[in-house]
Number of protein chains: 4
Amino acid sequence: MTPPESSGPRRPLRADAARNRELLLAAAAAEFAERGVDASIADIARRAKVGKGTVFNHFPSKDHLLTAIAVARLDQLTESAESLLAGSDPGTALLDFLTLGAEQQQQLDLSAMFAGGTADIQDPAGVDQARERMVRAVDALVTRAREQGAVRPDITGADVVLLMCAPAYAAGPLRQAYPELWRRYLMVVFDGLRPEGAHPLPHPPPPLGHL
Amino acid sequence: MTPPESSGPRRPLRADAARNRELLLAAAAAEFAERGVDASIADIARRAKVGKGTVFNHFPSKDHLLTAIAVARLDQLTESAESLLAGSDPGTALLDFLTLGAEQQQQLDLSAMFAGGTADIQDPAGVDQARERMVRAVDALVTRAREQGAVRPDITGADVVLLMCAPAYAAGPLRQAYPELWRRYLMVVFDGLRPEGAHPLPHPPPPLGHL
Amino acid sequence: MTPPESSGPRRPLRADAARNRELLLAAAAAEFAERGVDASIADIARRAKVGKGTVFNHFPSKDHLLTAIAVARLDQLTESAESLLAGSDPGTALLDFLTLGAEQQQQLDLSAMFAGGTADIQDPAGVDQARERMVRAVDALVTRAREQGAVRPDITGADVVLLMCAPAYAAGPLRQAYPELWRRYLMVVFDGLRPEGAHPLPHPPPPLGHL
Amino acid sequence: MTPPESSGPRRPLRADAARNRELLLAAAAAEFAERGVDASIADIARRAKVGKGTVFNHFPSKDHLLTAIAVARLDQLTESAESLLAGSDPGTALLDFLTLGAEQQQQLDLSAMFAGGTADIQDPAGVDQARERMVRAVDALVTRAREQGAVRPDITGADVVLLMCAPAYAAGPLRQAYPELWRRYLMVVFDGLRPEGAHPLPHPPPPLGHL
DNA sequence: GATGAATGAGGATTCATTCAT
DNA sequence: AATGAATGAATCCTCATTCAT
């Protein structure tokens with residue numbers, strides 16, 4: 001019954017198990033979005049209509065679950081960045097990317113995992129690699145935009161990654177009342193990234209590798 | 001400038017109690033800064049070298065402690081804003097204020113309390129009033145700057161209050177490695193507030209009263 | 001006579017869980033009897049040889065545990081009253097019921113829950129209904145006895161419910177030394193309920209609905 | 001200044017201290033009556049308009065405070081019993097005494113201390129002696145009544161002491177709604193003590209010394 | 001693989017009691 | 001003698017995680 005490569009790292013899951021995994025990720029994302037990272041495993045399991053034990057069958061710890069979500073989001077952003085890179089206008093592409101990032105952030109603040117704040121987590125599910133992939137993709141996007149004058153010359157990919165979450169964060173306190181307010185602050189920040197009227201920046205950008 | 005006990009308790013505390021109160025506020029601020037709002041009372045007490053019960057003698061609940069810190073910070077910002085309003089250059093005054101705000105935020109993220117995200121807290125120690133005072137002071141600062149062309153015409157005091165915390169937030173993940181990085185992002189955001197090269201904003205500003 | 005799970009939970013519990021539930025109820029009853037309602041959950045858990053958390057798995061709060069015990073007792077009394085009502089002699093039936101009630105009370109004083117003193121509890125487990133059922137059953141018993149001249153005419157079901165706990169209470173201080181002393185005081189009280197030598201009572205009986 | 005017998009057990013208190021002691025006893029009695037024996041020392045101190053430390057200056061522990069109240073009540077009852085003994089009708093005297101006892105009990109249930117349930121308390125303030133005095137006085141009252149046929153012959157002083165608290169206890173759950181209901185149950189119990197229609201009692205009375 | 005019962009460490013809070021002022 | 005600040009043991013409860021079914 002058990003396939004020969006019984007202890008291989010990536011055994012294909014049984015159909016129902018795979019389905020449960022997706023249900024769980026969705027439920028967890030929703031619950032985390034609503035209640036923050038303190039959402040309880042019990043609530044997530046209930047929302048996924050699954051036993052509590054099943055959660056731990058799929059994700060050895062709450063952190064693993066959290067990072068699995070983060071990885072999914074990072075990968076999604078990486079993909080977006082890459083496909084936008086194929087598109088035409090560099091400035092528009094970057095703004096579109098930032099919009100996607102803020103939209104995501106609007107739902108669940110994972111910024112710590114997006115930008116290297118994972119010192120205390122043992123990178124349970126490859127966040128570091130996923131982040132690296134995203135950072136590289138964003139850097140490509142930014143480099144192209146900078147070279148074509150769509151953003152100011154002293155801005156790097158690392159800056160953009162870090163600033164990506166800021167608009168949603170600024171609008172956060174009024175999210176209930178004005179769910180689209182983040183768009184306003186994204187434009188403010190983006191205006192700050194433009195070459196026109198740029199003033200010299202007081203601190204060097206962090207190296208890409210530190211993200 | 002500062003009165004001895006701006007928002008202190010009714011009766012003047014005994015000397016030693018007053019000292020403990022300050023020790024506690026400092027310890028709590030530090031602990032919250034390091035561990036977030038989930039820092040435990042036990043740790044705070046230990047850090048203040050005080051019994052656990054003493055914390056509750058001074059602050060009837062953890063929320064009261066948290067809000068006491070928030071109120072102190074808000075009042076400090078209000079004062080800064082007011083004294084900057086008396087100074088000369090409107091643009092510089094606003095930038096200086098944002099610098100102070102970001103510096104504070106750098107240490108402990110209380111943005112939720114700074115901007116009306118206190119629906120679930122019963123305002124134990126007057127955060128709402130403190131916030132209102134600050135918002136009014138900031139609005140005065142912004143209005144003056146806007147009238148004199150130091151910031152773009154479509155920016156309001158509410159916008160500034162909300163954006164105030166963003167630079168520290170963006171730089172947060174790299175705080176350990178680059179403690180001054182927030183200055184960089186403060187300048188980016190401030191460039192976004194300038195009139196030069198401003199693009200139209202996609203969402204109306206929130207009314208002051210909603211903060 | 002007794003159905004397997006008279007007021008049990010919706011789903012049939014797993015065998016081991018059901019056993020733990022009974023262990024817990026027994027341990028709690030014993031502990032409450034010895035230490036009063038201030039007995040600690042930790043002690044109850046220890047006595048039931050169960051983890052503290054298990055207590056809360058079965059009963060969401062201490063009040064729920066307490067009321068679960070109360071409901072069980074009330075239901076037991078209701079049943080007794082109903083089956084005694086089917087029996088022959090009205091006077092004997094009432095005395096037998098009071099004996100059962102006092103016997104129960106002897107072990108754990110839940111009189112407050114037996115007689116409407118639950119204003120501060122949000123009726124976590126249906127004490128109110130259980131009490132109503134018992135009160136109704138007792139009233140039937142008393143009405144029959146009164147109509148047949150077995151008790152004085154100015155006594156109601158409410159009176160009997162209230163007086164039911166008194167004998168065990170009176171004998172309480174000497175429970176250790178004379179565990180059966182309550183029988184003596186039950187007879188005194190019961191003599192007071194008899195028609196012979198009854199003097200007029202100075203206060204109207206409380207309406208049934210107030211119990 | 002300090003009187004010679006400085007460490008004598010019964011130094012006359014300074015006038016203000018004596019006053020505070022009375023304030024405290026009154027406040028404690030009121031608070032215990034309202035909130036039960038779990039009333040907090042802090043509340044008592046506040047009610048007496050006295051510092052918390054003062055409570056402990058007068059009463060070395062909460063138990064001492066509680067027993068001081070009990071002793072005062074017992075002494076009061078002893079006095080009543082003794083003066084009623086001097087009066088005319090034995091039956092009326094006993095009923096009057098029971099009325100006083102129930103009235104007292106109505107306010108604060110100290111029955112445990114009234115009837116020897118102090119095994120766990122180290123008799124901090126002479127409850128045992130005070131109880132003995134009362135028991136003796138009640139026994140005299142009962143003996144006289146029994147000899148004159150005002151109560152049934154098989155009833156002793158010990159029985160009456162134990163039964164004394166029962167009416168208030170029975171009426172307790174409805175105290176708020178019907179504050180005088182205890183009078184009804186006192187008459188029921190008293191009818192049970194009368195010689196008319198008395199049935200034999202199933203258990204010997206406890207010896208006086210066991211109270 | 002799925003389930004949910006069992007577990008116990010950890011957290012906020014209360015309160016009698018002690019002690020410095 | 002009076003005060004009230006300090007203390008820490010005790011309590012209820014939550015929740016991630018383990019494990020038997």
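First the proteins, then the strands, lettered A, B, ... as listed; each starts at 1. Worth knowing before you read on, the calculation uses all heavy atoms, side chains too, and leaves out hydrogens, waters and symmetry mates.
- The CZ atom of D:F59 sits 14 Å away from the P atom of F:dA1 (whole-angstrom rounding).
- Within the 4.5 Å cutoff, the side chain of C:R46 has no heavy atoms near those of the C:E31 side chain.
- You'll find the side chain of C:V50 stays beyond 4.5 Å of the side chain of C:I44, heavy atoms only.
- Ion pairing between a basic and an acidic side chain is recognised when a charged N comes within 4.0 Å of a carboxylate O; A:D16 and A:R19 show no such pairing.
- Rounded to an integer number of Å, the gap from C:R19 CZ to E:dA6 C1' is 13 Å.
- You'll find the side chain of A:L25 reaches within 4.5 Å of the side chain of A:F59, heavy atoms only.
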- Quick one: the dot-bracket string of DNA chain F, using Watson-Crick and G-U wobble pairs with both distances under 3.5 Å, [ ] for crossing pairs and | for bases paired to another strand. .||||||||||||||||||||

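- A heavy atom lying under 4.0 Å from DNA chain F marks none of the residues of residues 23-36 of chain A.
- In this structure, the side chains of A:D38 and B:D38 come closer than 4.5 Å at one or more pairs of heavy atoms.
- B:K52 places no side-chain N or O within donor-acceptor distance of the main-chain N or O of B:D43, the cut-off being under 3.5 Å.
- Close to E:dA5, at under 4.0 Å from its OP1 or OP2, lies no side-chain N or O of C:T54.
- Between B:D75 and B:V71, the closest side-chain pair of non-hydrogen atoms falls below 4.5 Å.
- Atoms CZ (B:R46) and P (F:dG8) sit 12 Å apart, rounded to a whole Å.
- Ionic pairing of D:E34 and D:R47 is present here: one or more N-O contacts between side-chain nitrogen and carboxylate oxygen are shorter than 4.0 angstrom.
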- Message: Protein within reach of the bases, or only the backbone? For nucleotides 10-17 of chain F, mark each nucleotide 5' to 3' as B, S or -, using heavy atoms under 4.0 Å.
- Response: B-SBB-SB

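- Rounding to whole angstrom units, CD1 of residue D:I44 and P of E:dT14 are separated by 18 Å.
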- Task: Would you please test D:K49 and D:L23 for side chain to side chain contact (heavy atoms under 4.5 Å, CB included) and show each step?
- Result: CA-CA 8 Å; D:K49 289 181 176 157; D:L23 278 177; over 6 Å; no

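- One atom, NE2 of B:H58, and another, C1' of E:dT13, lie 16 Å apart when rounded to the nearest Å.
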- Task: Start with the C-alpha gap between C:T67 and C:H64, add the side-chain angles, then the distance that decides, and say whether side-chain hydrogen bond (donor to acceptor under 3.5 Å, both in side chains) holds.
- Result: CA-CA 5 Å; C:T67 53; C:H64 282 81; 5.8 Å; no

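- Put simply, the side chain of D:L110 does not reach to within 4.5 Å of the side chain of D:F32, judged on heavy atoms.
- One atom, CG of D:L65, and another, C1' of E:dC15, lie 15 Å apart when rounded to the nearest Å.
- Rounded to an integer number of Å, the gap from C:D16 CG to E:dT7 C1' is 14 Å.
- Going from atom CG of C:N20 over to atom C1' of E:dT7 covers 12 Å, rounded to whole Å.
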